[in-house]
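Everything numeric in this text was worked out from a predicted model, so none of it was measured.
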Amino acid sequence: MRRRLRKSAQNDFASTSPKVALYLSGPREVYYQVNQWLPVLERLSVPVAIILRNRDIFEGMKKTTVPVFFVREGRDVESFYNGGVELVLYPNNREKNVNSLRHHQLTHIFINHGESDKSVNQSKMLMAYDYLFVGGPLAEQRLRSAGLPIRDGQIVHVGRPQAELFLVNVPQTERIEKILYAPTWEGGVAATSYSSVGPVGLKLLRDLAASGKYEVAIKPHPLTGRTSAETAAALQEMSELSQKFGMKFLHASESLHEWMNWSDLMICDVSAVLNEYLITSKPIVLCNILGASLQPEELAQEFPSSTAAYILGPSDPILSLMDRIEARDDLRSARSGVRRHSMGAGDSFNRFEDNIRLHLSQSPQEILPETDGKTVRPSSSL
């Protein structure tokens with residue numbers, strides 16, 4: 001039975017004739033990493049499929065016209081790749097990527113699941129990929145400053161196509177009435193803990209609620225509380241606080257971009273949401289949870305994107321900062337500059353697709369056949 005199911009899955013994969021595969025593994029919660037790329041994959045004019053190494057990921061995925069396959073065993077990856085795949089995209093750096101990277105005849109491209117100053121974006125594991133698709137010059141500067149042995153031509157600037165597709169630029173913010181609070185998670189290790197979900201976040205939410213001036217939506221990172229019981233407890237308290245004061249506590253599956261467009265200002269931590277929000281041109285407040293141990297000048301040195309945001313220290317009053325921003329938005333030009341440095345020159349989708357095509361042997365005239373608009377359930381190799 002297992003052998004028949006494996007063969008059936010391989011045949012189904014071959015019948016889609018994909019030239020490009022997005023490869024993803026990890027716990028169920030990483031579904032957001034594929035969801036953010038679905039609108040881009042669905043628009044590509046080359047045949048593409050998604051390979052999941054963990055079946056639970058599919059349960060959190062949004063409906064898509066892109067064929068989705070589940071490949072349980074590392075040995076089965078080879079059989080799937082024999083179906084004509086030429087290029088593999090990776091939105092994360094999980095351990096199971098090695099089962100795919102061993103296929104040296106393919107082109108391997110790291111596309112990441114966010115463009116940020118987090119130290120995890122400076123890993124030597126990135127050297128395993130043929131190309132690193134990054135937002136813009138800031139990401140390249142980040143990698144080179146870390147001393148990574150970057151190869152000539154390995155880094156390619158493509159912007160963030162999904163953010164450009166859905167985020168609306170607002171030339172001028174007249175009033176601040178709607179605030180999006182989008183904190184990151186606590187990270188896998190202490191060195192990558194940038195989350196304000198805790199005393200800082202709880203204080204600013206209570207203060208905003210007490211003012212009675214703002215509509216507030218809370219959009220936590222999907223992994224929040226996964227590695228820290230203390231953070232999980234704080235997240236639960238935030239949820240209860242939102243119910244008490246009529247704030248919107250958003251589910252992980254809700255579109256971050258939609259709520260970015262809804263808001264007049266965003267409060268966040270060091271994370272990719274800061275860089276993507278730059279496309280809207282609207283004000284950003286960055287929580288500096290390190291406080292006195294990292295002054296604004298040092299913050300700018302370690303996290304260059306922070307120069308586009310108003311800095312909120314652990315004991316700083318959020319309402320005073322809000323009054324200051326409403327009276328005079330001094331960082332508009334700074335946000336514009338960091339956006340160009342972080343996301344590049346715009347036209348991200350075309351830059352992304354052109355670079356995909358550049359590494360495929362097929363004719364540029366070949367296009368993806370029409371789909372029936374239905375989601376393809378993942379097949380199991382068992």
Side-chain angles (χ1 to χ4, degrees), residues 116-118 175-187 190 192-252 256 259-260 262-274 277 282-296 298-300 302-303 305-306 308-327 329-331:
S116 79
D117 295 330
K118 286 185 175 182
R175 297 181 63 185
I176 298 175
E177 298 175 336
K178 301 174 182 178
I179 297 175
L180 173 64
Y181 174 47
T184 192
W185 72 303
E186 67 272 23
T192 60
S193 179
Y194 307 109
S195 180
S196 59
V197 177
V200 172
L202 286 165
K203 180 180 185 301
L204 73 86
L205 288 177
R206 290 192 184 99
D207 289 347
L208 290 173
S211 75
K213 293 176 60 177
Y214 308 103
E215 287 185 66
V216 179
I218 306 165
K219 184 73 166 70
H221 190 288
L223 292 175
T224 303
R226 183 174 179 82
T227 61
S228 166
E230 184 179 353
T231 305
L235 185 66
Q236 179 59 35
E237 192 172 348
M238 285 184 177
S239 177
E240 294 167 358
L241 196 67
S242 69
Q243 295 178 35
K244 180 179 178 180
F245 292 105
M247 299 176 179
K248 300 175 177 70
F249 193 86
L250 307 176
H251 189 270
L256 176 61
W259 287 96
M260 285 182 169
W262 167 85
S263 66
D264 301 315
L265 173 146
M266 183 180 71
I267 303 174
C268 66
D269 305 326
V270 172
S271 72
V273 300
L274 186 159
Y277 199 75
K282 293 182 287 192
I284 303 168
V285 172
L286 176 65
C287 295
N288 175 17
I289 63 166
L290 299 176
S293 66
L294 201 62
Q295 294 300 310
E298 299 169 297
L299 196 70
E302 188 168 347
F303 308 109
S305 302
S306 68
Y310 296 92
I311 308 302
L312 182 73
S315 59
D316 293 341
I318 182 63
L319 296 180
S320 297
L321 180 57
M322 294 298 298
D323 289 342
R324 171 186 157 199
I325 297 170
E326 288 187 276
D329 182 6
D330 293 323
L331 292 182

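- Crowding of Glu230 atom CD: a count of heavy atoms from other residues, nucleotides or ligands under 6.0 Å not exceeding 12.
- Distance check: Ile311 CD1 to Leu286 CG gives 4.5 Å after rounding to the nearest 0.5 Å.
- The closest side-chain heavy-atom distance from Phe249 to Gln243 is not below 4.5 Å.
- The heavy-atom pair separating Ser306 from Asp117 by the smallest distance is N-OD2, 4.2 Å.
- Counting all heavy atoms, side chain and backbone alike, Leu319 lies closest to Tyr214 at CD2-CE1, 4.2 Å.
- Put simply, the residue from Glu177, Met247, Lys248 that forms a side-chain contact (heavy atoms from CB on, under 4.5 Å) with Glu215 is Lys248.
- Side-chain N or O atoms of Thr227 include one that pairs as donor or acceptor with a backbone N or O of Gly187 at under 3.5 Å.
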Evaluate the side-chain contact (heavy atoms from CB on, under 4.5 Å) criterion for residues Leu204 and Val285: first the C-alpha distance (whole Å), next the side-chain angles of each, then the deciding distance (0.1 Å), finally the verdict.
CA-CA 11 Å; Leu204 73 86; Val285 172; over 6 Å; no

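- Atom CH2 of Trp259 is separated from atom CD1 of Ile218 by 11.0 Å, given to the nearest 0.5 angstrom.
- In this structure, OH in Tyr194 is found 15.0 Å from SG in Cys287, a value given to the nearest 0.5 Å.
- Between Met238 and Pro220, every side-chain heavy-atom pair lies at or beyond the 4.5 Å cut-off.
- Closest approach of Asp269 to Thr184, counting heavy atoms only: OD2-N, 3.0 Å.
- Using a 4.5 Å cut-off on side-chain heavy atoms (C-beta onward), Glu186 and Thr224 make contact.
- A side-chain contact (heavy atoms from CB on, under 4.5 Å) with Leu265 is found for one member of Asp329, Ile179, Leu180 and no other, namely Ile179.
- Of all non-hydrogen atoms in Met260 and Val273, the two that sit nearest each other are CE-O, 3.5 Å.
- Note: Leu241 CG to Leu205 CG = 6.0 Å, rounded to the nearest 0.5 Å.
- Residues Lys118 and Val270 share a closest heavy-atom pair of CE-O, 3.2 Å.
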CA sep, side-chain torsions, deciding dist, call: Leu321, Leu312, side-chain contact (heavy atoms from CB on, under 4.5 Å):
CA-CA 8 Å; Leu321 180 57; Leu312 182 73; 4.1 Å; yes

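- Rounded to the nearest 0.5 angstrom, Trp262 CH2 and Lys219 NZ are separated by 13.0 Å.
- When all heavy atoms are compared, the tightest approach of Tyr181 to Val197 is OH-N, 4.0 Å.
- Environment of CZ in Arg324: sparse, with no more than 12 heavy atoms of neighbouring residues, nucleotides or ligands closer than 6.0 Å.
- Rounding to the nearest 0.5 Å gives a distance of 13.0 Å between OG of Ser228 and CG of Leu223.
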Steps toward side-chain contact (heavy atoms from CB on, under 4.5 Å) verdict (Asn288, Glu298)
CA-CA 11 Å; Asn288 175 17; Glu298 299 169 297; over 6 Å; no

Ile284 and Leu331: CA distance, side-chain angles, deciding distance, side-chain contact (heavy atoms from CB on, under 4.5 Å) verdict
CA-CA 9 Å; Ile284 303 168; Leu331 292 182; over 6 Å; no

